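First comes the structure, then the notes that go with it.
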Amino acid sequence: MHQENGSISIHTENIFPIIKKWLYSDKDIFVRELISNGVDAVNKLKRLSALGEADVAEDTKYWVRVTFDKDRKILHFRDNGIGMTAEEVKKYINQIAFSGAEEFLAKYQDKSDEGNQIIGHFGLGFYSAFMVADRVQIDTLSYQKDAEAVRWVCAGGTEYELSPSDLTERGTTVTLYLSEESGEFLDEFKLREIIDKYCSFLPVEIFLQDEKQPDQAKEEKPLNDIHPLWMRDPKECTSQDYKDFYYKVFMDYREPLFWIHLNVDYPFHLKGILYFPKISTEFDRLEGKIKLFNNQVFVADNIKEVIPEFLLLLKGVIDCTDLPLNVSRSFLQNDSNVIKISRHITKKVGDKLSELFQGEREKYNGYWEDLNPFVKYGCIREDKFYDRVKDILIYRTTKGDYVTLQEYLDRNKSQHENKVFYVSDEKQQAQYINLFKEQGLEAVILSGTIDLHFIQFIESKETGVHFNRIDSDLSESMKRTDQEDDREMGSKLDAIFKSALNKEQLKLQVEHLKALEMPAMVLLSEQSRRMQDMSALFGRGDMKNMFPDEETLVLNADNDLIKSIARLGEQPDKKEEAEMICRHVYDLAMLSHKQLEPAAMTEFITRSNKILSLLAQEREG
Ligand SMILES: Nc1ncnc2c1ncn2[C@@H]1O[C@H](COP(=O)(O)OP(=O)(O)OP(=O)(O)O)[C@@H](O)[C@H]1O
């Protein structure tokens with residue numbers, strides 16, 4: 001062919017500055033684009049060969065090869081794919097945004113569904129090379145019979161030069177003459193890192209080579225895995241395969257709990273694997289990672305617009321060919337496919353959980369501690385998800401088993417109806433738990449960060465059901481019913497405790513508790529405590545004054561210590577000591593309810609010492 005100079009047909013006066021600045025904020029992406037063009041070229045040739053339209057040796061090994069020459073500041077992207085004729089170069093390369101893949105598809109799509117896989121999604125892929133190169137050269141030889149190799153050169157403006165090339169083997173070589181500021185891309189580790197990130201699972205073997213070390217090529221191994229697990233038939237994958245893939249891709253050494261292999265062909269194409277990770281600390285809970293792929297090309301991590309937000313707490317890969325990934329994220333949110341995909345994933349996750357609950361309840365219970373933050377968050381975020389899983393939400397009880405809300409309500413109906421007692425801190429509320437257990441009562445454990453919201457959410461959904469913290473209310477079954485109220489004793493206790501504690505807001509209540517050894521306990525109304533928790537959560541100390549504590553000190557009229565206090569209080573010379581004991585009783589009750597403030601704690605310790613020395617002195621006689 002003769003040499004030809006021309007002008008690239010573009011619609012905007014100068015598109016290159018736009019490409020450089022806006023199209024890809026992340027420069028690394030040119031590597032992904034050029035490699036995936038090579039992969040596409042190979043796929044097209046394979047397809048033609050399968051249809052008998054291209055003459056390619058059966059044992060052909062296909063590859064994409066990236067080589068670099070540090071001295072000449074050159075990067076090569078080679079492939080042994082379909083190649084291009086001069087006409088194709090003019091059409092596909094010169095006419096920006098003209099998608100060769102689309103035309104290819106239009107021609108071959110009737111012949112097989114596989115054609116779909118060739119649609120490119122990334123927009124101006126090839127031109128991203130100009131983000132890092134001053135000059136780009138294409139040498140290409142088409143698979144077609146008697147084709148002549150052509151060279152296309154462009155120095156970043158709108159002018160190009162087309163001439164014969166000395167390329168002798170079928171395929172394409174794109175040469176990038178890197179700009180001064182893009183030298184970083186000549187570094188082997190940098191290139192390897194980018195290829196690992198974006199191309200780890202591309203379907204054609206990719207090699208990286210330093211041109212200064214030609215010997216490297218002999219022992220080289222491809223950088224990618226051309227058959228990633230999610231593309232394989234789930235029936236052929238073993239549990240070990242899933243675990244190995246998880247360890248490798250997410251660098252998580254802990255075994256995942258279980259996983260879901262997604263495999264949809266209609267009404268959209270979606271493949272992927274979602275893992276439910278094991279959680280070891282509370283901080284882990286935010287560490288999910290969902291990797292989004294498009295035809296095995298990595299696109300990005302954690303794209304909220306495509307994946308329901310609560311699923312981002314999981315780990316996994318999702319490969320979807322139907323996403324318009326070159327459009328803005330806000331557009332994605334409204335894309336009907338995206339909405340369908342998101343719904344589908346939500347449904348699959350709900351189904352998997354139900355399947356476990358129905359078929360392997362013991363296992364499901366065992367997973368619950370790791371699973372529950374995710375499930376609860378999902379319920380709060382997505383009504384549809386809640387609807388799917390509402391009957392399989394379970395609660396660990398103080399009896400040590402796991403029950404659904406309905407099971408809990410049913411088995412406690414005779415003692416309290418539509419009321420759920422819960423524990424938010426097992427250590428702190430241990431005394432109340434024991435009291436509950438002694439009376440044959442049970443509470444559920446809701447001690448996670450999300451539980452405060454979750455309780456409110458469930459109350460809003462399950463009308464009539466109320467959650468009460470174990471220390472917020474006295475169950476009727478804790479009281480003795482065989483005792484008459486002793487009004488006189490009541491008023492004596494009232495007088496001495498009020499005078500000793502001097503707390504206006506504090507309510508006093510004298511009861512006959514079945515737990516005789518317990519002198520007193522503090523109850524804080526559920527409402528008031530929730531307001532306090534909320535204000536602590538939002539760091540609003542000032543709200544504390546708006547919602548003062550509604551505490552009640554319950555004194556056990558049948559406890560010996562309380563009886564003594566009532567008697568002591570009547571003796572004027574013992575009043576001071578009696579008041580000291582009152583304060584101590586109050587502090588002890590408070591301690592199993594929440595932590596004391598620093599000043600109260602100091603006072604408590606000083607007083608404890610004083611009481612002990614009084615006791616010791618008395619013993620000495
Ligand atoms: N290595 C190659 N071998 C053969 N043809 C190529 C090669 N690179 C690019 N082409 C042709 O040039 C066209 C334009 O490439 P470009 O990367 O700009 O867009 P695309 O691949 O169609 O879509 P995408 O934006 O997803 O990359 C391709 O569709 C293809 O026909």
Side-chain angles (χ1 to χ4, degrees), residues 8-11 15-16 18-19 23-24 29-49 54 56 62-67 75-108 115-131 133 136-144 147 149-154 160 162 165 167 169-176 198-199 202-204 206 293-299 320-327:
I8 296 166
S9 103
I10 48 168
H11 309 292
I15 199 158
F16 289 101
I18 302 178
I19 292 175
L23 190 58
Y24 300 106
I29 275 169
F30 80 93
V31 176
R32 173 185 83 181
E33 294 300 307
L34 295 178
I35 292 180
S36 41
N37 276 353
V39 169
D40 284 351
V42 165
N43 280 344
K44 285 178 190 172
L45 185 64
K46 277 189 186 168
R47 178 92 206 99
L48 287 177
S49 158
V56 188
Y62 293 100
W63 44 257
V64 171
R65 199 173 286 277
V66 182
T67 62
L75 271 180
H76 288 297
F77 292 82
R78 303 173 206 271
D79 67 72
N80 62 349
I82 192 170
M84 284 179 275
T85 62
E87 283 315 304
E88 286 166 337
V89 171
K90 283 189 219 167
K91 195 167 169 188
Y92 299 144
I93 300 297
N94 291 342
Q95 297 176 22
I96 292 185
F98 189 97
S99 172
E102 252 166 36
E103 192 179 77
F104 180 88
L105 242 200
K107 202 164 160 200
Y108 290 103
N116 275 336
Q117 295 186 356
I118 297 156
I119 302 179
H121 277 297
F122 300 106
L124 299 164
F126 167 73
Y127 281 91
S128 63
F130 288 99
M131 293 195 297
V136 178
Q137 176 175 315
I138 302 174
D139 288 279
T140 181
L141 176 60
S142 165
Y143 77 99
Q144 291 176 29
V150 282
R151 169 170 298 171
W152 176 95
V153 182
C154 175
Y160 70 87
L162 206 59
S165 163
L167 195 73
E169 283 174 24
R170 182 204 64 237
T172 302
T173 299
V174 179
T175 308
L176 270 53
Y198 291 106
C199 308
L202 278 178
V204 176
I206 302 164
F293 289 80
N294 184 303
N295 246 333
Q296 296 178 227
V297 186
F298 173 69
V299 179
C320 185
T321 35
D322 300 328
L323 294 176
L325 293 171
N326 53 337
V327 299

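Quantities reported herein were computed from a predicted structural model and do not represent experimental measurements. One-based numbering, in listed order, for ligands and for the atoms of each.
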Note to self: Quick check on Glu88 - does any of its heavy atoms sit under 4.0 Å from an atom of ligand 1?
What the structure shows: no

Checklist line | Residue among Leu141, Ile138, Thr140 satisfying side-chain contact (heavy atoms from CB on, under 4.5 Å) with Val150 | finding: Thr140

Margin query: For Thr140, which part has a heavy atom under 4.0 Å from ligand 1: side chain, backbone, both, or neither?
Written below: neither

Check: Ring centroid separation for Tyr92 and Trp152, is it under 6.0 angstrom?
Finding: no

Checklist line | Flag, side chain of Ser36 to backbone of Arg32, donor-acceptor distance under 3.5 Å | finding: yes

Check: Out of Tyr143, Phe126, Phe77, Tyr92, whose heavy atom sits nearest atom 31 (O) of ligand 1?
Finding: Tyr92

Check: Numbering the atoms of ligand 1 from 1, which are under 4.0 Å from a heavy atom of Lys44?
Finding: 30 (C), 31 (O)

Notebook entry, point to check: Would you call Lys91 and Glu88 a salt bridge, using N to O less than 4.0 angstrom?
Noted result: no

Next item on the list: Please assess Thr67 against Arg78 for the test side chain to side chain contact (heavy atoms under 4.5 Å, CB included), listing each intermediate value before the final yes or no.
Entry: CA-CA 8 Å; Thr67 62; Arg78 303 173 206 271; 3.7 Å; yes

Item checked: From Asp79, Asn37, Val297 - option closest to atom 21 (O) of ligand 1 by heavy atom -> Asn37

Next item on the list: For Ile93, take its heavy atoms, then give the atoms of ligand 1 lying under 4.0 Å from any of them.
Entry: 12 (O)

Margin query: Minimum distance, heavy atoms only, to atom 10 (N) of ligand 1: which one of Met84, Glu33, Arg78 is it?
Written below: Met84

Notebook entry, point to check: Any side-chain heavy atom of Tyr62 sitting closer than 4.5 Å to one from Val56?
Noted result: yes

